[in-house]
**Student:** 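Structure below; questions to follow.
Note that the numbering runs from 1 along the sequence shown for the chain.
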Amino acid sequence: MRIAWKSIGWGLIIVLLLIFLAGGLAARHYWVQLLQQNGIETLSWKGIALSTDGLALEDLEVRQSGPSGDLVVTGKKLEASWLWPEEGWQPQWHHLKARQLRVDWYPEKKSQKPVSQSGQQISSPTLPSWLPAEIEIRQFNATAPCGADRCTLSGSLSMNSTPSTQAQPEMTRRLLVQARVSKPWPVPGIGQVKGDLEAELLVEQGHWHPQRLQTDLELSQPGKWVQSLPEPWRPELLSLAIRSAETMPPPASGSPLSEGSGSPDLLPLQLSLHSSGGAEVNADSHLAITTSAPWVIRLGETRLDASYPELTAAGWVLIQPRVRAVVTGWLSTTTASLVFDQSTKLKVARLSPVTGRATGTNNKLQVDSLGIQMAGTRLHARYQQVPPAFEKLALSGPVVVKAGQIQHPQLQPLAWVFNGNIDSNFHKTRVKGLLRAGSGTTANLDVDFPYQGPVHLNGKMRVSGEDEAEALSRVLADWPPLLDVSGGTVSADINLHQSLQRAQPRNLNLSAGLTFVEWSGLYDRTAWEGVNGSINIQLQDSELSIDTQELTIEQVNPGLPLGPIQLAGNYQAPLAELSRGTLTFEKAFSEALGGEIHVQPGSWDLAQAPVTIPVELQQLSLTRLLQLYPAEGLAGTGILSGTVPVLFDPLTGIEIDRGRIDALKPGGRLQLTADRLKALASQNETMKVVTRALEDFHYSVLDSGIDYDGDGTLVLTLHLKGRNPEVGDGRPVVLNINLEENIPALLKSLQLSGNVSERVKDRVRNLLERRQQNSDDS
């Protein structure tokens with residue numbers, strides 16, 4: 001049988017043509033569908049060389065459209081290879097190599113918006129799954145809108161991928177990027193960035209892990225994140241340089257890096273940051289960053305230097321503030337913990353209140369050369385990223401504050417040092433420690449400063465002896481110049497509550513306790529010894545109260561020794577009119593001249609001044625009184641008692657009106673042998689009898705009236721009944737004598753001749769000399 005091979009041959013050819021035609025149509029359909037799925041509108045090339053393993057192109061142009069706009073990719077000298085799978089028929093890209101590659105992005109006009117400056121968190125970009133496993137681009141350029149212009153990013157790129165496995169279904173890709181931005185490039189949420197970047201990144205299961213990083217970048221026109229910073233610290237330009245660094249030692253316990261079953265991989269870096277436009281800030285840090293989430297930055301030795309010409313904060317003006325800090329610690333995406341090194345210092349050339357500067361007054365507080373050290377102080381923070389805000393901010397640890405000089409109307413200009421601890425958070429600041437003045441005076445301070453309530457201050461001070469009192473005198477501007485302390489101790493415990501929102505005297509709440517132990521000294525020409533007891537001072541709602549339950553003074557000597565003295569009582573007065581208060585004595589007692597002086601318990605309203613305070617004299621020794629009185633040849637015996645109504649006015653002083661002092665029965669003796677009286681007696685017979693009688697006068701009655709006026713003149717009216725056994729056969733004699741004495745002059749005389757300290761005598765002599773000079777000049 002004869003077979004028609006010619007017919008069969010043509011049939012096979014037709015079938016093969018049909019198969020090729022169908023395959024071509026199917027391939028074309030698949031190719032068009034692939035382009036449409038990827039939004040590719042234009043695909044053109046030149047100089048193609050195609051094989052089953054890949055292709056090579058001299059030139060390539062691809063235009064892709066998407067929701068965000070058009071993307072145009074052009075390349076030169078491209079080589080691509082693919083691998084055929086063991087199952088299926090679709091090849092997988094394996095390698096892409098390009099001498100040059102350019103990417104141009106043209107946003108959709110109707111959706112084009114200004115570069116976002118919001119503080120929204122930026123998510124990590126996702127690499128397309130169709131990318132080849134290996135990419136090598138020797139030179140790339142990318143352009144994007146940049147205001148009215150376009151910005152260019154240039155550099156090189158390489159990527160190697162590890163094939164996926166059953167345990168790791170996604171490829172692990174390693175990217176090496178070298179890029180340069182010659183003109184500021186807008187980065188959403190960050191700002192305008194330009195400079196050089198070299199990075200090696202590991203992309204694993206959609207997460208980006210930095211492996212190496214080196215940058216020299218500048219950031220301008222910062223995004224809204226800068227609004228979270230205080231206005232003076234908001235930069236206009238940031239310069240950032242990052243280099244590889246040595247591996248850091250293992251982290252300390254307590255940080256997120258030491259938690260968990262294993263230590264995360266860390267990328268050690270050396271960072272340098274410079275900020276300008278607001279405050280001048282320079283930072284250098286040896287740090288390490290985790291190469292995968294959760295992101296944590298570990299700070300090695302980090303140095304921060306920041307300065308500003310003038311800063312206004314919390315009602316204060318800071319001239320030339322400068323911060324030099326050395327810190328270590330860590331930061332995560334939500335928390336931070338920093339420790340300040342001993343080199344950490346805050347310096348301010350001058351500190352003063354805003355109110356004093358605005359009014360131009362010179363009587364406000366001013367601090368010169370202020371310095372704060374925080375060696376070992378810790379800062380803890382908790383915050384959120386969207387929107388940027390602090391949830392917790394706490395500072396605690398030791399603090400040293402030094403002031404070259406503090407100027408205030410109540411203080412002498414001196415240096416001050418505070419050494420203590422600080423505990424500060426969003427709600428309040430508490431400072432506790434020791435305050436020392438340049439004169440040597442010290443005080444323990446405990447200041448509780450809530451931001452929404454009154455400030456509470458507790459101060460404790462102890463002054464012992466002459467040296468410490470002299471040191472305190474060089475602190476207070478209003479220290480009485482004639483006050484000298486020679487011994488004993490005074491302890492002060494002061495508590496102050498003050499509202500800063502209404503910083504007026506009427507809102508001041510102050511309590512102070514003064515405790516005296518064997519306190520001795522001298523004020524003007526009056527010496528005192530052995531003060532013991534306590535005084536409580538309260539200032540509340542513009543009312544001043546001074547109270548003592550028991551205050552004892554061993555002796556007060558203004559020329560006439562008095563004591564021991566016992567006092568108990570209080571004084572209350574409005575702060576605006578301190579001299580118009582209420583004086584209350586529960587006890588006022590003193591021993592004097594062998595007897596006692598009493599003030600009966602009672603209250604006196606000084607707003608109705610002058611007020612009369614009855615002073616009772618009981619059993620005073622006339623012998624001791626005449627021993628002190630500087631009259632030659634005068635002596636006597638007897639016991640005196642009486643009542644002296646003291647008229648007291650805070651503005652004019654003390655007066656006495658119709659006081660009475662009488663001798664107690666059976667009387668006593670008076671002896672006067674003054675030569676002056678004998679001279680008077682030689683010219684008058686009556687005076688002869690009086691003079692002879694007073695040479696040894698035995699009196700049975702001694703009555704006296706006392707008046708004392710505001711200029712210091714004491715008028716004493718004496719009524720005597722008695723006799724001299726040697727005169728007139730002892731007949732009774734009645735004498736009425738008027739004496740006038742200037743008490744201030746008398747006290748000066750007593751102070752010069754009596755048993756007082758040499759310092760008192762020196763002050764009296766100096767006073768008399770000055771008065772004599774003034775008299776001669778006039």
**Student:** For P610, is there any backbone N or O sitting under 3.5 Å from a side-chain donor or acceptor partner on W604?
**Tutor:**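 Looks like no, no N/O pair under 3.5 Å.
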**Student:** Could you tell me whether the side chain of L583 reaches within less than 4.5 Å of the side chain of I613, counting heavy atoms only?
**Tutor:**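 Yes; the side chains approach each other to less than 4.5 Å.
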**Student:** Side chain of S704, backbone of I661: donor and acceptor closer than 3.5 Å?
**Tutor:**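 Side chain of S704 to backbone of I661, a donor-acceptor pair under 3.5 Å: yes, one is there.
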**Student:** Side-chain contact, heavy-atom cut-off 4.5 Å: I553 with F516?
**Tutor:**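 They are not in side-chain contact.
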**Student:** What's the shortest heavy-atom distance between R580 and P574, and which atoms?
**Tutor:**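 Nearest heavy atoms, R580 then P574: O-CD, 3.9 Å.
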**Student:** Check whether Y571 reaches the backbone of L578 with its side chain - one donor and one acceptor, N or O, closer than 3.5 Å.
**Tutor:**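 Answer holds: yes.
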**Student:** Check the pair L522 / S486 against side-chain contact (heavy atoms from CB on, under 4.5 Å), numbers first and verdict last.
**Tutor:** CA-CA 8 Å; L522 172 68; S486 58; over 6 Å; no
**Student:** Answer whether the closest heavy-atom distance between the side chains of V531 and L551 falls below 4.5 Å.
**Tutor:**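 Touching, per the 4.5 Å side-chain cut-off.
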**Student:** Salt-bridge test for D448 and R430: reply yes if a basic N is under 4.0 Å from a carboxylate O, no otherwise.
**Tutor:**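 Not counted as a salt bridge, because no side-chain N and carboxylate O are separated by less than 4.0 Å.
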**Student:** Could you check if a side-chain atom of L625 sits within less than 4.5 angstrom of a side-chain atom of L620, using non-hydrogen atoms only?
**Tutor:**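 Contact flag for L625/L620 side chains = no.
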**Student:** Quick check: do L716 and E741 have side-chain heavy atoms less than 4.5 Å from each other?
**Tutor:**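 Heavy-atom side-chain distance check fails, nothing below 4.5 Å.
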**Student:** Give a yes or no on whether N421 atom CG has more than 12 heavy-atom contacts from other residues, nucleotides or ligands under 6.0 Å away.
**Tutor:**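 Enclosed.
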**Student:** Heavy atoms only: give me the nearest S439-R474 pair and the separation to one decimal.
**Tutor:**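 Smallest interatomic distance, heavy atoms only, reads O-NH2, 3.2 Å.
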**Student:** State, without any angle test, whether S464 and R462 hold a side-chain donor-acceptor pair at a distance under 3.5 Å.
**Tutor:**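 There is such a pair (donor and acceptor under 3.5 Å, judged by atom type) between the side chains of S464 and R462.
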**Student:** I'd like to know if the side chain of N536 and the backbone of G513 have a donor-acceptor N/O pair within less than 3.5 Å.
**Tutor:**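 Judged by distance alone, no pair lies under 3.5 Å.
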**Student:** Between T441 and L472, is there a donor-acceptor pair closer than 3.5 Å when you use the side chain of the first and the backbone of the second?
**Tutor:**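 Looks like yes, one N/O pair under 3.5 Å.
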**Student:** Show, in sequence, the C-alpha distance, side-chain angles and deciding distance for L395 and T429, and conclude whether the side-chain contact (heavy atoms from CB on, under 4.5 Å) test is met.
**Tutor:** CA-CA 9 Å; L395 181 70; T429 294; over 6 Å; no
**Student:** Nearest 0.5 Å, what's the NE2-NE2 distance between H497 and H456?
**Tutor:**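 The distance works out to 4.0 Å.
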**Student:** Examine distances only and state if a side-chain atom of N570 and a backbone atom of I546 form a donor-acceptor pair shorter than 3.5 Å.
**Tutor:**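 A pair under 3.5 Å: no.
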**Student:** If you round to the nearest 0.5 Å, how far is CD of E550 from CG of N532?
**Tutor:**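 If I round to the nearest 0.5 Å, the distance is 9.5 Å.
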**Student:** Over all heavy atoms of both residues, which pair between G563 and S590 is shortest? Give the atoms and the distance, please.
**Tutor:**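 For G563 and S590, the tightest heavy-atom pair comes out as N-OG, 3.5 Å.
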**Student:** Could you please spell out the steps behind the side-chain contact (heavy atoms from CB on, under 4.5 Å) verdict for F449 and V431?
**Tutor:** CA-CA 8 Å; F449 184 7; V431 180; over 6 Å; no
**Student:** Within the side chain of T377, is there an N or O that forms a donor-acceptor pair under 3.5 Å with the backbone of P398?
**Tutor:**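 It does hold such a pair.
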**Student:** Please check: side-chain N/O of T548 versus main-chain N/O of I535, any donor-acceptor pairing under 3.5 Å?
**Tutor:**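 Looks like no, no N/O pair under 3.5 Å.
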**Student:** Between P614 and T643, which heavy-atom pair has the shortest distance, and what is it?
**Tutor:**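 The pair with the smallest heavy-atom distance is CB-CG2, 4.5 Å.
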**Student:** Is it true that atom CD of Q320 has more than 12 heavy atoms of other residues, nucleotides or ligands lying nearer than 6.0 Å?
**Tutor:**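 12 or below, so no.
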**Student:** Between D649 and L651 (side chain of the first, backbone of the second, donor and acceptor by atom type, cut-off under 3.5 Å), is there such a pair?
**Tutor:**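 Indeed, once roles are kept as given, a pair shorter than 3.5 Å links the two residues.
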**Student:** Would you please test K432 and L445 for side-chain contact (heavy atoms from CB on, under 4.5 Å) and show each step?
**Tutor:** CA-CA 6 Å; K432 186 176 182 180; L445 291 184; over 6 Å; no
**Student:** Does E616, at its CD atom, have more than 12 non-hydrogen atoms belonging to other residues, nucleotides or ligands within less than 6.0 Å?
**Tutor:**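 Yes.
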**Student:** Evaluate E740 against N738 for side-chain hydrogen bond (donor to acceptor under 3.5 Å, both in side chains), listing each step before the verdict.
**Tutor:** CA-CA 7 Å; E740 186 174 303; N738 293 327; over 6 Å; no
**Student:** Got a sec: does the CZ of R234 have more than 12 other heavy atoms crowding it under 6.0 Å?
**Tutor:**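 Yes, CZ of R234 has more than 12 neighbouring heavy atoms, counting only those of other groups under 6.0 Å.
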**Student:** Taking the side chain as every heavy atom from C-beta outward, state whether W416 and V401 have any atom pair closer than 4.5 Å.
**Tutor:**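 No, every pair of side-chain atoms sits at 4.5 Å or beyond.
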**Student:** From D547 CG over to Q549 CD, what is the distance, rounded to the nearest 0.5 angstrom?
**Tutor:**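 Spacing of CG (D547) from CD (Q549) equals 5.0 Å.
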**Student:** Tell me, do F648 and L606 make a side-chain contact under 4.5 Å, heavy atoms counted?
**Tutor:**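 Result yes, sub-4.5 Å side-chain heavy-atom pair found.
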**Student:** Of all the heavy-atom pairs spanning D423 and S396, show the shortest one and how long it is.
**Tutor:**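 Nearest pair, atom of D423 first, then S396: OD1-CB, 4.2 Å.
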**Student:** Quickly, which of L562, V556, N557 forms a side chain to side chain contact (heavy atoms under 4.5 Å, CB included) with W528? Name it, please.
**Tutor:**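 Between W528 and the candidates, side chain to side chain contact (heavy atoms under 4.5 Å, CB included) is satisfied uniquely by V556.
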**Student:** Rounded to the nearest 0.5 Å, what's the gap from CD1 on I706 to CG on D657? Could you check?
**Tutor:**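 The CG atom of D657 is 12.0 Å from CD1 of I706, to the nearest 0.5 Å.
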**Student:** Side-chain contact, heavy-atom cut-off 4.5 Å: Q538 with N509?
**Tutor:**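 Yes, their side chains come closer than 4.5 Å.
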**Student:** Hey, could you give me the CD/CG distance between Q619 and L640, rounded to the nearest 0.5 Å?
**Tutor:**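 So the CD of Q619 and the CG of L640 are separated by 10.5 Å.
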**Student:** Of the options N444, N495, D446, which is the one that meets N458 in a side chain to side chain donor-acceptor pair (under 3.5 Å)?
**Tutor:**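 Considering N444, N495, D446, a side chain to side chain donor-acceptor pair (under 3.5 Å) with N458 is found only for N495.
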**Student:** Testing the basics here: between L393 and A381, what is the closest heavy-atom pair and its distance to 0.1 Å?
**Tutor:**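 Here L393 and A381 meet closest at CD1-CB, 3.7 Å.
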**Student:** Spell out, as yes or no, whether a donor-acceptor pair under 3.5 Å connects the side chain of D605 to the backbone of S603.
**Tutor:**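 A pair under 3.5 Å: no.
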**Student:** Measuring from T713:OG1 to E655:CD, what's the distance to the nearest 0.5 Å?
**Tutor:**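 These two atoms lie 11.0 Å from each other.
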